[in-house]
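Indexing begins at 1, ligand by ligand and atom by atom, following the structure's order. Each residue takes its place number in the sequence, starting with 1.
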Amino acid sequence: MFTPLDIELFMLVSFVIASSIILYFILNHGKPYAIFFYNCFLKPFSGKVTSVKQQDSLESFYKGQAAIYDATRGQLLRGREEMLALAAAQLKLRVQKKKEAESTEGRVWVDIGGGTGYNIELLNKFLPVQQFFEKVYLVDLSPSLCEQARQRFRRLGWKNVEVLCMDARGFNLEDRKVDWISMSYSLSMIPDFYSVVDSLSILLSPTGLISVADFYVQSSTTFSERTFTGGAWDRHVNWFSRQFWRIWFEFDRVNLDEGRRDYMEYKFGTLLNVNGRNRLLGGIPYYVWIGCQKLHSAADVLDRVDAAATESPYLAAINSLSSTHSSKTSAETALQLRSKGFEAAVLNLAANLPLPSFFYQIHHWRLYYDELLEKHTQFNNSYIYAFTWEDPRVDHRILKINRDDVILAITSAGDNILSYIIDGAPKRVHAVDLNPTQNHLLELKLAAFSSSLDYKDLWKLFGEGHHEKFSTILMENLSPHLSSRAFQYWWDNRAVFSKSIGLYETGQSRLAIKAARWLFRCCGVAGSVKRMCEARTMNEQREIWQGEVRPVMLSRWVSKFIIGNEQFLWRALGVPPNQRDMIREDHEGGDHAQAMWDYVVNTLDPVVDQGLLGEDNYFYLLCLKGFYTKRCHPSYLTEKGHAKLSKPHAFDGVRIHTDEIKEVLGRLQSETLTIAVIMDSMDWFDTDGIEARRQIKALNNSMKLGGRVLLRSAGLRPWYIRVFEEEGFKAKQVMARHPGAYIDRVNMYASTWVCTKLERVSSGRRESSSSEVDMLEI
Ligand SMILES: C[S@@+](CC[C@H](N)C(=O)[O-])C[C@H]1O[C@@H](n2cnc3c(N)ncnc32)[C@H](O)[C@@H]1O
Ligand SMILES: *[C@@H]1O[C@H](CO)[C@@H](O)[C@H](O)[C@H]1NC(C)=O
Ligand SMILES: *[C@@H]1O[C@H](CO)[C@@H](O)[C@H](O)[C@H]1NC(C)=O
């Protein structure tokens, strides 16, 4: 595939890049780096490569630079601090949880290839090392680095740290199990890593934690079919980089072969996995990984998660499946309905692989999904809604959600899911979204509450949309409450919460905010808009709207270029063509642009005319200002909402599905849902009715008798209502937005409907399933 010339060229380019990096560092950082590079690349390795013992070669490498080791590694060994912070956050949470349960036996930490002990001292930033651990072992093969470490702990006066100068292959602690094992940049240096990793899996306690930060290179062809790696965000390294870094590091006997990381992920379960590039050093790929024992909790967790995901009764007998760790057959004889996560898990168990990482998480909110399916990747890793565009106050008024409800609702930005929990405390909420990142956003919110983030910080994150310490909060507070994929996403997108971007300036919904802002500025009414948002009386607000803002916002010009523009509608407002057609149909006579125009006028005029924007309408306030105010915001941002959601177990009933609604319904036990809030999603279906009918049938199957589907539509009487009626629902239009009507604070949909499941066709099957429903509580 590659000619000798390619290879030569490749080596030449590598050499030039490498020399530039070296020069850059020597020029910028002076002497320590000169020593470092001399030792790394110029000084010949002592001893013949064939006969030399690893210790001698390590020593020849590190002896000359032991004293400057720490000074030179800060830039080079990225991810160490993150690894420590992430592991510390997990450990703290585990201890908290354990306290509720049982013993406080002394904790043990082992740092394999710990070098100068830098990491152990650094951990103190996150956890008090002397109090938290009864004993810390640093295991390292290089005598000169061990000496540095001893000096360090003597200087610090830490008596619980023991430095052991030995090969990691030989390390064990008799019958003592350890709570945490860390390896930072040492896995890639250990020749016999298989035996070391194996012995670590024996050393680690059943509930222990293991963490690695290291360099790596890998091609997606090797990992793309694994369901257990916790997400593959940014993991692929291109061909050139793979060759370059592999060869480059081989000079220093650092092995970037993918087998090392793969073997860890195979021997342990994955909790968190992130990939990064050290941009400062030409983009060396590195990763941070947090793992746990692969099987300890599998037996228990698997069925529980599954039962809750499918609304099946949780039968202890099914446990036999996981305790024998195998047998697809017992899965088949068990209940027919299984979540996709369960299916993936069973396949992995049969192949002796770890479970998908969702199963090892502390919370089991998020359910497994296959991130590589096109139906998920079509969203290009970005959310459409940074905030939810439906009024939950009306939902509560219509539905009167209570403790007995089992709800299925579209996630969107998660705001309404939180509102249902605050005001209704339903038994279960299935949040469904096909776009993985919408669910990542909900997860982030759940994590903020579960980690007992202060109200002040919560407000900054989701009220103002930015927080100067987001990275720190993400790592130290939120990380143990997030699934690996959500963590990867937010870690990579942490700039979203920076001052220069802001949450509400992201997602496709930002286009609406940006367009409005741009328009106001261009037309010189930005000041008026500001005053309108601050108006204290309706009259004041109406005057500003009628006299100053409306002439601009609802000018013919806007109508022509923006509202009539299909691209804009679809992308900024999330209005798909089918929905647009429904709007046209309701409009008698007149042209298409006129129909859209009237629709917008009917939406906006009543909003400004009948409610105070700055007091009560956080939807439009956000669009106009780009952030919420202390006077006006969604309920999860109130102090009361914060207090309620921060309580332990507040989200025990939440399940987050990344899939189509009908797929989720298809895997729920029949007659379990009492409420489904499907927003305007039915408007998106093709009017041939095939898909719509399929979904409505699925709804009928999953809903209890008397269960209600709440939906909104851009049409006054959408075509699919008839299908609901044919499938056994009684449909009632609970609100219609005739010209001038203000039906909810968003006022964007022409009608709101409740479809109630009525029909009961007698059959033996139903009786049996109703007895199952009684056992629902797990
Ligand atoms: C790049 S250093 C990392 C040191 C430290 N963990 C850090 O992050 O700064 C790799 C360390 O692994 C140690 N090491 C390499 N092979 C080893 C082995 N077989 N047993 C124990 N330690 C080993 C080396 O001595 C060296 O200190
Ligand atoms: C995602 O990207 C592709 C190709 O760049 C584009 O065609 C598609 O419209 C994008 N999808 C969304 C939802 O932005
Ligand atoms: C709706 O579901 C019930 C079972 O809950 C079933 O008896 C009935 O036949 C279904 N309705 C239709 C029209 O299929």
Side-chain angles (χ1 to χ4, degrees), residues 36 40 53-63 65-66 69-74 76-81 83-84 110-123 137-149 152 163-171 182-193 195-197 199-200 211-215 249 252-255 286 288 665 668-673 693-694 696-707 723-730 755-767 769-770 773:
F36 167 55
C40 285
K53 281 174 128 177
Q54 197 211 350
Q55 186 168 39
D56 300 338
S57 67
L58 267 182
E59 200 46 19
S60 96
F61 183 65
Y62 282 124
K63 196 166 181 184
Q65 47 169 324
Y69 182 90
D70 289 343
T72 51
R73 293 319 197 264
L76 189 65
L77 307 183
R78 277 292 170 86
R80 290 187 296 178
E81 187 163 342
M83 183 266 272
L84 295 172
V110 180
D111 192 25
I112 300 285
T116 60
Y118 171 86
N119 285 339
I120 298 177
E121 183 173 352
L122 188 59
L123 183 78
Y137 295 97
L138 184 161
V139 181
D140 201 287
L141 191 54
S142 156
S144 45
L145 291 185
C146 285
E147 189 39 43
Q148 289 288 325
R152 177 193 304 270
V163 177
L164 299 170
C165 188
M166 64 184 292
D167 193 326
R169 277 185 300 184
F171 177 76
S182 60
M183 299 180 87
S184 93
Y185 289 92
S186 55
L187 184 61
S188 56
M189 285 193 91
I190 299 176
D192 274 333
F193 66 97
S195 65
V196 172
V197 174
S199 72
L200 295 183
S211 60
V212 177
D214 216 328
F215 298 123
F249 275 96
D252 284 346
R253 305 195 181 174
V254 175
N255 297 287
Y286 69 89
V288 176
L665 290 171
L668 290 182
Q669 282 287 325
S670 46
E671 305 198 17
T672 47
L673 289 181
R693 188 176 297 274
R694 218 169 269 161
I696 293 168
K697 271 188 192 296
L699 277 166
N700 178 54
N701 183 49
S702 330
M703 313 250 347
K704 276 192 173 165
L705 289 178
V723 187
F724 269 101
E725 287 165 346
E726 285 164 12
E727 294 299 331
F729 287 87
K730 190 184 92 182
C755 301
T756 309
K757 173 169 165 172
L758 282 181
E759 201 161 300
R760 176 178 183 143
V761 176
S762 59
S763 79
R765 196 185 69 80
R766 219 203 74 76
E767 298 317 320
S769 59
S770 85
V773 175

query: Do any N/O atoms on Glu726 end up under 3.5 angstrom from N/O atoms on ligand 3?
result: no

task: Return the orientation label for the Phe729 and Phe724 ring planes: parallel under 30°, perpendicular over 60°, tilted otherwise.
output: perpendicular

Look at the side chain of [X] and the backbone N and O of [Y], then say whether any donor-acceptor pair between them is shorter than 3.5 Å.
X: Gln65; Y: Phe61; answer: yes
X: Glu727; Y: Lys697; answer: no
X: Ser186; Y: Ile112; answer: yes

- request: Go through Lys757 and Asn700 one step at a time and tell me if the side chain to side chain contact (heavy atoms under 4.5 Å, CB included) criterion holds.
  value: CA-CA 7 Å; Lys757 173 169 165 172; Asn700 178 54; 3.3 Å; yes

message: Distance under 4.0 Å to a non-hydrogen atom of Glu727: what atoms of ligand 3 satisfy this?
response: 11 (N), 12 (C), 13 (C), 14 (O)

statement: In ligand 3, the atoms that come under 4.0 Å of a heavy atom of Glu671 are 4 (C), 5 (O)

- prompt: Which protein non-hydrogen atom lies closest to atom 22 (N) of ligand 1, naming both residue and atom, and how far is it?
  reply: Leu141 N, 3.3 Å

field: Close approach, Lys757 and ligand 3, non-hydrogen under 4.0 angstrom
entry: yes

query: Should Met183 be listed as contacting ligand 1, given a heavy-atom distance under 4.0 Å as the test?
result: no

- prompt: Closer than 4.0 angstrom: is that true for some heavy atom of Phe171 and an atom of ligand 1?
  reply: no

field: Minimal non-hydrogen separation, Leu758 against Leu705, with atom names
entry: O-CD2, 3.9 Å

